[in-house]
**Student:** 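One structure follows; several queries about it will come next.
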Amino acid sequence: MHLIPIVEFAKLLVSRHHFSVTFIILSAGSQPTKAQEALLQSLPENIDYILLCPGSSNDPVLENVGPEAKISLTITSSLPLIHDLFATLTETTRLAAIVTDRFGFYGTVDVAKEFDVPLYLYFKTAAMNLAVTFHFTRLDEEVKYPVMDRASDIYKGFLGLAKWTELVEGILLNCFMELEPGANQALHDHDSSRPPVYRIGPIIQSGLINQADGSNCWRWLDNQPSGSVLYVSLGSGGTLSHNQFRELDLGLEMSQQRFLWIARKPKL
């Protein structure tokens, strides 16, 4: 799910610190997309990848659940494969660390402990999200009317992540102090019982094939007053319907607020 951000981080580990990196990519029986294949084929020499396919993409169990549950089920069914793979790797390679995003977290905690390899969580989203994650367990216990449906897979995923973050050696945050000073300061003043947070950002994608020229956006931003532009992005999974797209478009226009909108093609 978070292939691009962690690939860019791996490139920095290789180029600046001379590590060798091996990706373990889980797939629910389907092959990588053309975009993913192009990304994997462009990896530098010291970065390798292993594709694990624990089951079929036509599994009726996977077809009838949401994305969060689908990822969780795929990881659960992959645990024996992950264990055997690490057993093989440790016979020939001295593993310096395991770095996982939140989706692969549950599949690596026990493996890291068994093979005595430090485990780090790569947190690619905002510092504010990480600060909320640290308090999510207490919010779940104390807030009577949560902003999310407690029965949803997404909510359960966040709650599980909040409970398990204390098991890692550290958290690698794709951010820097000046981007979110308030949230970053709160993380800096964190409880000593929490894992340390290392700000490693900004990490951005580079070297794209057929990359769109964003120079016009940069020039426009340079001509705007400081702090006057609203940045709008719904992430890699945030594709709206045509009607939703128009509603958001009209709302932004009526707000009379300067904005930069990173938009995906609307669903029909």
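Please read all numbers here as calculations on a predicted model, not as lab measurements. In what follows, residues are counted from 1 in the order of the sequence shown.
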**Student:** So does Thr90 get a backbone contact from the side chain of Thr93, meaning a donor-acceptor N/O pair under 3.5 Å?
**Tutor:**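 No: the side chain of Thr93 does not pair with the backbone of Thr90.
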**Student:** Whether the side chain of Ser241 engages the backbone of Gln244 through a donor-acceptor N/O pair (distance < 3.5 Å, no angle test) should be reported.
**Tutor:**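 Here the side-chain-to-backbone pair exists.
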**Student:** Can you get from Val99 to Ile25 by hopping between Ile, Leu, Val, Met, Phe, Trp and Tyr side chains that sit under 4.5 Å apart?
**Tutor:**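 Yes.
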**Student:** Quick check with a 6.0 Å cut-off and a 45 degree axis cone: is Arg102 positioned over the face of Tyr122's six-membered ring?
**Tutor:**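 Ring-cation test returns no.
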**Student:** Grab the two heavy atoms, one from Ala96 and one from Pro118, that are nearest each other, plus how far apart they are.
**Tutor:**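 Reported closest heavy-atom pair: O-CD, 3.5 Å.
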**Student:** Decide side-chain contact (heavy atoms from CB on, under 4.5 Å) for Leu39 and Val7; before the verdict, give the C-alpha distance in whole Å, the side-chain angles of both, and the deciding distance to 0.1 Å.
**Tutor:** CA-CA 9 Å; Leu39 178 65; Val7 162; 4.1 Å; yes
**Student:** Rounded to the nearest 0.5 Å, what separation is found between the CG atom of Asn174 and the CD1 atom of Ile6?
**Tutor:**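 Rounded to the nearest 0.5 Å, the CG-CD1 separation comes out at 11.0 Å.
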**Student:** Just do the side-chain contact (heavy atoms from CB on, under 4.5 Å) check on Leu119 and Thr100 with the steps written out, would you?
**Tutor:** CA-CA 8 Å; Leu119 177 64; Thr100 180; 3.9 Å; yes
**Student:** Treating Gln257 as the side-chain partner and Ser228 as the backbone partner, does any N or O pair qualify as donor plus acceptor under 3.5 Å?
**Tutor:**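 Pair found, side chain donor or acceptor close to backbone of Ser228.
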**Student:** Following the transitive rule for hydrophobic clusters with a side-chain heavy-atom cut-off under 4.5 Å over Ile, Leu, Val, Met, Phe, Trp and Tyr, establish whether Ile4 and Tyr49 coincide in one cluster.
**Tutor:** yes
**Student:** Assess whether atom CZ of Phe259 is packed by more than 12 heavy atoms of other residues, nucleotides or ligands within 6.0 Å.
**Tutor:**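 Enclosed: over 12 neighbouring heavy atoms sit under 6.0 Å from CZ of Phe259.
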**Student:** What closest approach, in Å, do Pro202 and Phe176 show between heavy atoms, and which atom pair accounts for it?
**Tutor:** CD-CD2, 3.6 Å
**Student:** About how many Å separate CZ of Arg199 and CG of Leu172, when rounded to the nearest 0.5 Å?
**Tutor:**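 Those atoms lie 12.0 Å apart.
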**Student:** So do the side chains of Asn184 and Leu173 get within less than 4.5 Å of each other, counting heavy atoms only?
**Tutor:**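 Yes, side chains in contact.
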**Student:** Considering non-hydrogen atoms only, spot the tightest contact between Val168 and Thr165 and give its length.
**Tutor:**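 So the minimum-distance heavy-atom pair works out to CG2-O, 3.0 Å.
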**Student:** Enter the distance from Phe86:CZ to Phe115:CZ here, rounded to the nearest 0.5 Å.
**Tutor:** 8.0 Å
**Student:** Is the distance from the ring center of Phe136 to that of Tyr155 below 6.0 Å?
**Tutor:**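 Yes: the rings meet the under 6.0 Å criterion.
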**Student:** If hydrophobic clusters are built from ILVMFWY residues whose side chains come within less than 4.5 Å, do Val109 and Val117 share one?
**Tutor:**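 They do share one cluster, since a chain of ILVMFWY contacts under 4.5 Å joins Val109 to Val117.
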**Student:** Could you measure the distance from the CD1 atom of Ile200 to the CD1 atom of Ile203? Nearest 0.5 Å is fine.
**Tutor:**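 It comes to 3.5 Å.
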**Student:** Only pairs at least two apart or in different chains count here, so list each salt bridge (Lys or Arg N to Asp or Glu O under 4.0 Å) that has a residue in residues 128-138.
**Tutor:**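 Sorted result for residues 128-138: Arg138-Glu142.
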**Student:** So does Arg219 get a backbone contact from the side chain of Asn216, meaning a donor-acceptor N/O pair under 3.5 Å?
**Tutor:** no
**Student:** For the CG atom on Asp222, are there more than 12 heavy atoms of other groups (residues, nucleotides or ligands in this structure) within a distance under 6.0 Å?
**Tutor:** yes
**Student:** Would you check if the side chain of Asp116 reaches a backbone N or O of Ala112 as a donor-acceptor pair within less than 3.5 Å?
**Tutor:**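 Pair absent, no side-chain N/O of Asp116 close to backbone of Ala112.
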**Student:** Can Leu230 and Leu260 be said to form a side-chain contact (heavy atoms from CB on, under 4.5 Å), step by step?
**Tutor:** CA-CA 6 Å; Leu230 176 67; Leu260 179 64; over 6 Å; no
**Student:** Any heavy-atom pair between the side chains of Val14 and Ser20 that's under 4.5 Å?
**Tutor:** no
**Student:** Heavy-atom distance under 4.5 Å between the side chains of Gln185 and Met177, does that happen here?
**Tutor:** yes
**Student:** Hey, does Leu51 have a side-chain heavy atom less than 4.5 Å from the side chain of Phe23?
**Tutor:** no
**Student:** side-chain contact (heavy atoms from CB on, under 4.5 Å) for Leu130 and Val197? Distances and angles first, verdict last.
**Tutor:** CA-CA 10 Å; Leu130 179 57; Val197 177; 4.0 Å; yes
**Student:** Is the backbone N or O of Lys156 less than 3.5 Å from a side-chain atom of Arg150, with the two atoms forming a donor-acceptor pair by type?
**Tutor:**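 Not confirmed, Arg150 side chain does not pair with Lys156 backbone.
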**Student:** Spell out, yes or no, whether Trp218 and Trp220 are grouped together once hydrophobic residues are joined by side-chain heavy atoms under 4.5 Å, including indirect joins.
**Tutor:** yes
**Student:** Does a side-chain heavy-atom distance below 4.5 Å link Gln36 with Leu3?
**Tutor:** yes
**Student:** Specify whether Phe245 and Trp261 have parallel, tilted or perpendicular ring planes, treating 30° as the upper limit for parallel and 60° as the lower limit for perpendicular.
**Tutor:**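 Rings of Phe245 and Trp261: parallel, as their planes differ by under 30°.
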**Student:** With rounding to the nearest 0.5 angstrom, report the CZ to CG distance, Arg258 to Leu221.
**Tutor:**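 Nearest 0.5 Å value for the CZ-CG distance: 11.0 Å.
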**Student:** Can you confirm whether more than 12 heavy atoms, excluding those of Glu247, are under 6.0 Å from its CD atom?
**Tutor:** no
**Student:** Mind running side chain to side chain donor-acceptor pair (under 3.5 Å) on Thr88 and Glu91 for me, showing each step along the way?
**Tutor:** CA-CA 5 Å; Thr88 301; Glu91 290 178 356; 5.4 Å; no
**Student:** About how many Å separate CH2 of Trp164 and CG of Leu121, when rounded to the nearest 0.5 Å?
**Tutor:** 12.5 Å
**Student:** With the side chain counted from C-beta on, respond yes when Ile47 and Lys11 share a heavy-atom pair under 4.5 Å apart, and no when they do not.
**Tutor:**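 Heavy-atom side-chain distance check passes, below 4.5 Å.
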**Student:** Between Ile24 and Leu52, is there a side-chain heavy-atom distance shorter than 4.5 Å?
**Tutor:** yes
**Student:** Would you mind reporting whether Phe123 and Leu161 have side-chain heavy atoms less than 4.5 Å apart?
**Tutor:**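 The answer is yes; the side chains approach within 4.5 Å.
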**Student:** Taking all heavy atoms of Tyr198 and all of Gly170, pick out the closest pair and write down the distance.
**Tutor:**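 In terms of heavy atoms, the two residues are closest at CE1-CA, 4.1 Å.
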**Student:** Test of understanding: clusters of I, L, V, M, F, W, Y form through side-chain heavy atoms closer than 4.5 Å, transitively. Do Val229 and Leu179 belong to the same one?
**Tutor:**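 As far as the 4.5 Å side-chain criterion goes, Leu179 and Val229 are not connected within one cluster.
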